[in-house]
Protein chains: 2
Amino acid sequence: MAQPSTKTNTTAGTQAAAKIGTRLKALRGLYGLSQRELANRAGITNGAISLIEQDRVSPSISSLKKVLDGFPMSLAEFFTFDLHHHNNEVFYPADQLKEIGGGGVSLRMVGHGRSRLKLQILHERYQPRGDTGKTMLSHPGEEGGVVVKGQIELTVAGQIRVLSEGDAYYFDSRLPHRFRNVTDGPCMIISVSTPPTF
Amino acid sequence: MAQPSTKTNTTAGTQAAAKIGTRLKALRGLYGLSQRELANRAGITNGAISLIEQDRVSPSISSLKKVLDGFPMSLAEFFTFDLHHHNNEVFYPADQLKEIGGGGVSLRMVGHGRSRLKLQILHERYQPRGDTGKTMLSHPGEEGGVVVKGQIELTVAGQIRVLSEGDAYYFDSRLPHRFRNVTDGPCMIISVSTPPTF
DNA sequence: GAAAATCGTCTAATATATTAAACGCATGGC
DNA sequence: GCCATGCGTTTAATATATTAGACGATTTTC
């Protein structure tokens with residue numbers, strides 16, 4: 001009784017809530033998952049994810065929730081998550097670290113200029129071939145660190161970099177990450193994460 | 001190939017993303033709309049809204065977006081909106097206003113103790129039968145005011161109150177609201193709203 | 001190179017959401 | 001009383017989302 005009900009749509013309910021597919025695709029890329037991997041985690045089929053990413057269907061809330069649980073990520077986060085603003089400054093070369101302290105104590109500030117959070121410092125050692133695993137745990141908060149000795153291969157949201165002594169990193173802990181020592185010698189890094197993690 | 005696919009569900013995809021129906025119903029109540037009114041605004045049927053509110057179906061993103069557009073409210077807001085924390089202190093009787101100032105200037109602080117925002121003060125006059133209309137505009141931010149002269153009938157999220165001289169109000173501007181002078185004399189109120197509104 | 005694995009896509013069959021129209025119930029005139 | 005209006009719900013028909021399995025293309029492995 002209301003509207004003339006525009007039924008001449010070829011692309012499903014896409015015109016209403018667009019960008020969903022694009023967002024999902026971009027997110028899946030950040031997490032480095034294939035459609036099938038994500039589908040298995042979510043408990044739905046890969047075909048469904050394919051169709052959703054192409055914006056050829058408008059997923060139900062329950063389906064979208066299942067998918068996001070595979071990351072994991074809440075619905076609120078999904079609609080809030082800023083895909084572009086997350087690319088700023090993941091890697092910090094040694095000479096770009098802000099050096100502070102003095103008088104017997106020397107500190108190098110990583111991620112200076114970013115939104116501050118209370119961080120927790122850890123001292124990590126990696127034996128040759130040491131690896132945090134491919135599972136790529138993700139937890140809320142932020143995470144950063146400095147390589148003290150040796151070299152470490154760091155993967156964050158698909159980006160792979162080998163960091164040497166003095167190099168550093170900083171990223172959103174929700175992005176999947178993996179540390180791996182690909183050298184024959186030991187590696188030592190100082191890592192920092194947000195309090196609620198540990 | 002993944003899970004045994006639990007198909008023995010009676011309530012659709014409810015078990016996954018629950019609370020959607022409850023949230024929608026509560027929101028619709030706050031906005032004082034019937035299922036049919038909201039359906040007309042959203043461009044879908046009242047039956048669909050009924051089923052969604054009962055959690056008997058899991059709406060598609062496009063449908064949910066249409067529904068929320070009827071308020072209006074974004075998807076991100078929908079999943080973030082705190083229904084309970086919004087009930088605190090809508091009406092402030094005259095004797096509960098915090099009085100500050102002195103030395104020739106007298107101010108009465110409204111909404112003291114709530115999360116502060118930069119506010120913009122307005123001076124409004126309502127002729128007899130003056131009315132902001134039933135359309136009930138909603139805009140982001142917060143809004144408050146004091147009745148200076150006469151009486152004003154204020155409707156906020158379905159709650160109706162007649163405020164007299166000295167009484168005041170404070171509410172989230174996203175909630176639909178309406179001012180109406182139901183007396184034979186003029187009414188004057190000092191209203192305040194967040195900067196981005198005007 | 002060829003076989004095997006994995007990628008994203010597509011299609012028919014099925015499950016689910018949405019529609020359109022009725023229902024029962026309450027309320028407000030007259 | 002009775003009729004008209006509005007409410008939320010339900011039901012069969014229809015539109016849409018999701019599944020299961022295949023496809024061609026690309027990469028991996030031997």
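Just so we're on the same page: letters track the sequence lines, and every chain starts at 1.
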Does NZ or CZ of A:R23 fall inside the cone over A:F81's six-membered ring, less than 6.0 Å from its centre and within 45° of the axis? no
Within less than 4.0 Å of OP1 or OP2 of D:dT9, is there a side-chain N or O belonging to B:Q35? yes
Figure out the CG/P separation between B:L38 and C:dT18, and round it to whole Å. 13 Å
Taking C:dT19, D:dT18, D:dA17 as options, the one with an atom nearest any side-chain atom of A:S58 is D:dA17
Please determine, for the side chain of B:I44, which listed nucleotide (C:dT19, C:dT9, D:dA17) has the closest atom? C:dT19
For side chain to side chain donor-acceptor pair (under 3.5 Å), just list the numbers for B:S164 and B:Q151, CA-CA rounded to whole Å, side-chain angles, deciding distance to a tenth of an Å, and then say yes or no. CA-CA 5 Å; B:S164 302; B:Q151 290 185 328; 3.0 Å; yes
Atom CD1 of A:I61 and atom C1' of C:dT16: how far apart are they, to the nearest Å? 14 Å
Both A:L51 and B:S50 contact DNA chain D. Taking the nearest nucleotide for each, which residue is further toward the 5' end? B:S50
Provide, to the nearest angstrom, the distance between the CD atom belonging to A:E37 and the P atom belonging to C:dT6. 9 Å
Before we go on, tell me: are the rings of A:Y169 and A:F179 under 6.0 Å apart, centre to centre? yes
Output the rounded distance in Å from CD (B:E53) to P (C:dT18). 13 Å
Please state how far atom CD1 in A:I52 lies from atom P in D:dT16, giving the value in whole angstrom units. 16 Å
Check whether any side-chain N or O of A:T45 sits under 4.0 Å from OP1 or OP2 of D:dT18, and answer yes or no. no
Separation of atom CD1 in A:I20 from atom C1' in D:dA17, rounded to whole Å: 15 Å
Is any side-chain N or O of A:Q54 closer than 4.0 Å to OP1 or OP2 of C:dG8? no
Check whether any side-chain nitrogen or oxygen of B:R56 sits under 4.0 Å from OP1 or OP2 of C:dA17, and answer yes or no. no
Whether B:E53 side chain and B:S50 backbone form a donor-acceptor pair below 3.5 Å: no
Answer with base, sugar-phosphate or nothing: what part of the nucleic acid does A:I49 contact at a heavy-atom distance below 4.0 Å? nothing
What is the distance, to the nearest angstrom, from the CG atom on A:L64 to the P atom on D:dA17? 13 Å
Using a 4.0 Å heavy-atom cut-off across all strands, classify B:S60 as base, sugar-phosphate, or nothing. sugar-phosphate
Indicate, with a heavy-atom threshold strictly under 4.0 Å, whether B:S34 touches base, sugar-phosphate, or nothing. sugar-phosphate
A:N181 side chain to A:Y126 main-chain N or O, any donor-acceptor pair under 3.5 Å? yes
Given the structure, check if the side chain of B:R36 and the base of D:dG8 hold any donor-acceptor pair shorter than 3.5 Å. yes
So if I take every side-chain heavy atom of B:S63 and compare against D:dT18, C:dT18, D:dA17, which nucleotide ends up nearest? C:dT18
Phosphate OP1/OP2 of D:dG8 contacted by B:R28 side-chain N/O (<4.0 Å): yes
Nucleotide D:dG6, atom C1' - distance to CG of B:N40 in whole Å: 13 Å
For the side chain of B:R180 and the backbone of B:E153, is there at least one donor-acceptor N/O pair under 3.5 Å apart? no
